[in-house]
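As the structure is a prediction and not an experimental result, all values here were calculated from the model. Sequence lines set the chain letters: A, B, ... in the order given, protein chains first and strands last, and positions in each chain run from 1.
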2 protein chains.
Amino acid sequence: MGMNRVLEQPILSGREQAIEALEAFIRDGQYAPGDRLPPERELMVQLGMGRTQLRRALEALEMEGVIWRHVGKGTFIAKDSAAGSLSALSRRVSPVHMMRARLSLEPAITREAAIHASHDRIIPLRICIDRSEDAATWDEYEAQDDAFHRGIALATQNELLLALFDQLNQVRRAIAWKTVERATDRPPHDHNSFVQHRAILEAIEARDADRAHAEMRTHLGSVEKRLFGGF
Amino acid sequence: MGMNRVLEQPILSGREQAIEALEAFIRDGQYAPGDRLPPERELMVQLGMGRTQLRRALEALEMEGVIWRHVGKGTFIAKDSAAGSLSALSRRVSPVHMMRARLSLEPAITREAAIHASHDRIIPLRICIDRSEDAATWDEYEAQDDAFHRGIALATQNELLLALFDQLNQVRRAIAWKTVERATDRPPHDHNSFVQHRAILEAIEARDADRAHAEMRTHLGSVEKRLFGGF
DNA sequence: ATCCCCATATTGGTCGACCAATATATCCGA
DNA sequence: TCGGATATATTGGTCGACCAATATGGGGAT
């Protein structure tokens, strides 16, 4: 029953399509910071969309700092080229870099969780582990795995760290993974993430920040190895 | 010549004002996930703005995942309550939590920089340090300090880590700091950040990831202590 | 030749009418 | 009485005309 499962590219809303078309236009036109884009009424013709839709895309890019607009002047590429949407970032980030970012942020978050977690933030972590071990399918397992990791970010009691985790997670989810071929319908009983999750939880419960940090690094190191194979 | 310098609340654009008004409306109305907001034509009256402006704010919140909209159905609070704009986050995050988030992310970023920095990413770091030591005003110093920290994020050669750093930095900048009273116009020659910056750079140059991590923690620990005083 | 003022053109922003999707009410037939 | 079809109301989305801010060009005075 082993089958390849290929995650489909997410279906894009009208706005997202408009944003992508505009981003492609800017990229293909090789605009530099400070350059002026064509006027809206020209641009909507060139991109084959209505002015309302174009304005939505322009609005989005302006909010992200990619462009700035001024009545009577025009629309310009902003100076800071690092700006951009998370979805644009998802298209640029390689799986390796995404994994390195996880290896950087999540152990630090786990350390903070060990210091700050309250009792009512620890209980859900245990529940996630129990459920992931009982999962009947990989989908179920992955949902609980996700909840476990986010539960740790919640346990930091720091909304900024949670926000950064969520941003990282959003990029992770948007990257279309071609998943490895699986020989079973569900994780085997000796799936190493099970013991690794428990080790992380124990470190958090023990308030051992350094161990929590190390256990999360170990766990994500295994995930990385599984994804990219031997070094 | 010592004077208190209070950073002013940033001037908000029309769109930002509209977003804030809408966010306040949602917050004060105690809407729960799944709740339906009043129709646009009602809402614009209640908020005292045109429909176009309201739609811009709604568009922004929808992009951030705070709400979802559907023709003929209405506008609803999204399930995931963790979503929100960075500017909204800036208003919620305490300086202590922001500092904890820096202490979590920046040492990890510095570790990655020690591993991945290329020669042409290290040179600008040295230049920032030289310039910060020569700074004639606190403003100049802070500009170079900012550039140093971002230079490290650039040195990771990981656009996702850079993006996360930029998000963190944006929140930091948006928090209106009441700066400490300063006895001098510029940093003293024995300002401890100077030697700390050099120690960080040396660790990066030496490719010593653990030392880089530790030196950045030390540096930010000093920053934290300076901001919040003794423990 | 240069500068200033005014008229016109151009650009992004707003408005009200209308459109497309959905909810709700009403009517009719079994 | 109930269920299905239809009409009407409601909701967010789009369009074209117009508005507000800015750029540009031309003419007249110095």
Side-chain angles (χ1 to χ4, degrees), chain A residues 10-23 25-26 29 31-80 83 85 87, chain B residues 10-23 25-26 29 31-80 83 85 87:
Chain A
I11 294 170
L12 302 182
S13 69
R15 181 183 62 227
E16 282 158 348
Q17 283 179 350
I19 293 171
E20 285 212 358
L22 181 56
E23 281 176 330
F25 181 87
I26 291 171
Y31 288 96
D35 284 359
R36 187 170 170 284
L37 291 184
E40 286 180 5
R41 289 172 185 87
E42 259 186 55
L43 204 43
M44 74 185 211
V45 171
Q46 291 185 41
L47 295 182
M49 64 179 77
R51 190 168 166 222
T52 306
Q53 200 76 326
L54 172 65
R55 289 185 56 76
R56 290 176 83 186
L58 288 167
E59 191 83 20
L61 290 199
E62 188 175 29
M63 277 183 66
E64 287 159 14
V66 175
I67 60 170
W68 59 276
R69 301 186 287 164
H70 202 103
V71 179
K73 292 188 176 203
T75 302
F76 301 85
I77 305 294
K79 280 187 194 160
D80 186 356
S85 68
S87 59
Chain B
I11 295 169
L12 302 181
S13 70
R15 182 183 62 226
E16 282 158 349
Q17 282 179 350
I19 293 171
E20 285 212 358
L22 181 56
E23 281 175 330
F25 180 88
I26 292 170
Y31 288 97
D35 284 0
R36 186 168 171 289
L37 291 184
E40 286 181 5
R41 289 172 185 88
E42 258 186 55
L43 207 41
M44 73 186 210
V45 171
Q46 292 184 40
L47 296 182
M49 63 179 76
R51 191 170 165 222
T52 307
Q53 200 76 325
L54 170 65
R55 290 183 55 76
R56 291 174 82 185
L58 288 167
E59 191 82 19
L61 290 201
E62 189 176 29
M63 278 183 67
E64 286 158 15
V66 176
I67 61 171
W68 59 275
R69 300 186 288 163
H70 201 105
V71 180
K73 290 187 177 206
T75 301
F76 301 83
I77 305 294
K79 277 188 198 161
D80 186 356
S85 69
S87 60

Using whole Å, what does the distance between atom P of nucleotide C/dC15 and atom CZ of B/R55 come to?
13 Å
In whole Å, what is the span from the CZ atom of B/F76 to the C1' atom of C/dA23?
11 Å
Taking only the side-chain nitrogens and oxygens of A/R41, find out if one of them lies under 4.0 Å from OP1 or OP2 of D/dG16.
no
Please work out if A/R56 contacts a base, only the sugar-phosphate, or nothing of the nucleic acid, heavy-atom cut-off 4.0 Å.
sugar-phosphate
Counting C-beta onward and ignoring hydrogens, is there a side-chain heavy-atom pair between A/E59 and B/R55 closer than 4.5 Å?
no
Quick one: is A/T75 getting a side-chain N or O under 4.0 Å of the C/dG12 phosphate, OP1 or OP2?
yes
Side-chain N or O of A/Q53 closer than 4.0 Å to phosphate OP1/OP2 of D/dT14
yes
From CG of A/L22 over to P of C/dG12, roughly how many Å is that when rounded to an integer?
12 Å
note: A/L58, atom CG; C/dG13, atom C1'; distance rounded to Å ~ 12 Å
For the pair B/Q53 (side chain) and B/A18 (backbone), establish whether a donor and an acceptor sit closer than 3.5 Å, ignoring hydrogens and angles.
no
Report the distance from atom CG of B/L54 to atom C1' of C/dC15, rounded to the nearest whole Å.
14 Å
Can you check whether B/K73's main-chain N or O pairs, donor with acceptor, with B/R36's side chain at less than 3.5 Å?
yes
Return the value, rounded to whole Å, for the distance between atom CH2 of B/W68 and atom P of D/dG12.
11 Å
D/dG13 OP1/OP2 closer than 4.0 Å to side-chain N/O of B/R69:
yes
Interatomic distance, A/E40 CD vs C/dG13 C1' [rounded to whole Å]:
8 Å
So, does A/R51 get its side chain near the phosphate of D/dT14, meaning an N or O under 4.0 Å from OP1 or OP2?
no
Could you run down the sub-3.5 Å N/O contacts of the protein with nucleotides 21-24 of chain D?
from, atom 1, to, atom 2, distance (Å)
D/dT22, OP1, A/H70, NE2, 2.7

With a 4.5 Å heavy-atom cut-off, do B/L43 and B/T75 have their side chains touching?
no
